[in-house]
Amino acid sequence: MAKNNIVTPDDQLGYLLVQTSFLNQRQTNAMLRPLGLTYMQFVVLAGIYELNTQFDSVSQRMLVSARRLDKAMASGIVKKLAGRGLICREPNPADSRSWLLTLTAEGQRLAAQARKKVHMFNEDFFTGIDQPALRAMFKKLIEKEI
């Protein structure tokens, strides 16, 4: 704590958490740039990739819920990735208000490549950190979501 008991940003866990997240996102964006992806585009692409391994069909609503994404932001990213030919977006026959998402062959290739790069990046980013303890703390904080 600073002199005179003045609390500075570096004394506040929330500030440090946000700054760490910004740093991680900036560095991840830089690493993904050669693949033509942003971090959030990667989250959507990888989310569809991973959910398609667990379920026969993946709705946009399922993706938003599973990855805790903002609905409007996810919709814009899905449209952009569909426009690039990485995602197929089709009306859900079971729910006319919903879209079913699948990856194209190019989308699958790019998702797999990006997942490997992000995994290696995160291993390096979190080197020297007690990763299981940090993961448990993050999950505990996320559970506080209302």
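Both backbone and side-chain heavy atoms feed into the values below; hydrogens, waters and symmetry mates do not. Note that the coordinates shown come from a computational prediction; the quantities given were computed from them, not determined experimentally.
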Side chain proximity check, [X] to [Y], heavy atoms < 4.5 angstrom:
X: L100; Y: V58; value: no
X: P91; Y: W99; value: yes
X: V44; Y: L101; value: no
X: S75; Y: Q60; value: yes
X: N92; Y: D95; value: yes
X: R84; Y: L37; value: yes

Quiz item: Got a salt bridge between R109 and E106, using NZ or NE/NH1/NH2 to carboxylate O under 4.0 Å?
Solution: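 Between E106 and R109 there is a salt bridge, with a charged N closer than 4.0 Å to a carboxylate O.
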
Straight-line distance of [X] [atom1] to [Y] [atom2], nearest 0.5 Å:
X: T102; Y: I87; atom1: OG1; atom2: CD1; answer: 8.5 Å
X: I77; Y: T38; atom1: CD1; atom2: OG1; answer: 6.0 Å
X: L23; Y: L16; atom1: CG; atom2: CG; answer: 12.0 Å
X: M62; Y: Q54; atom1: CE; atom2: CD; answer: 9.5 Å
X: L103; Y: L110; atom1: CG; atom2: CG; answer: 9.5 Å
X: M40; Y: T28; atom1: CE; atom2: OG1; answer: 11.5 Å

Co-membership, hydrophobic cluster, residues [X] and [Y], 4.5 Å side-chain:
X: I129; Y: F121; answer: yes
X: F42; Y: V64; answer: no
X: M120; Y: L45; answer: no
X: F138; Y: V18; answer: no
X: Y15; Y: L134; answer: no

Quiz item: Looking only at side chains, do T8 and D11 share a donor and an acceptor under 3.5 Å apart?
Solution: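 Yes, because at least one side-chain N or O of T8 sits under 3.5 Å from a partner of the opposite role on D11.
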
Quiz item: Does S98 reach the main-chain N or O of A94 with its side chain, forming a donor-acceptor pair under 3.5 Å?
Solution: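 Answer holds: no.
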
Specify the closest pair of heavy atoms between [X] and [Y], including all atoms of both residues, with the distance to one decimal.
X: R115; Y: A46; result: CG-CB, 4.0 Å
X: R61; Y: R97; result: NH2-O, 4.1 Å
X: F126; Y: Q131; result: O-NE2, 3.3 Å
X: A111; Y: Y49; result: CB-CD1, 3.7 Å
X: F125; Y: T20; result: CZ-O, 4.2 Å
X: C88; Y: T104; result: SG-CG2, 3.7 Å

Exercise. Test side chain to side chain contact (heavy atoms under 4.5 Å, CB included) on N24 and N122 and set out the steps.
Key: CA-CA 9 Å; N24 180 273; N122 279 324; 3.5 Å; yes

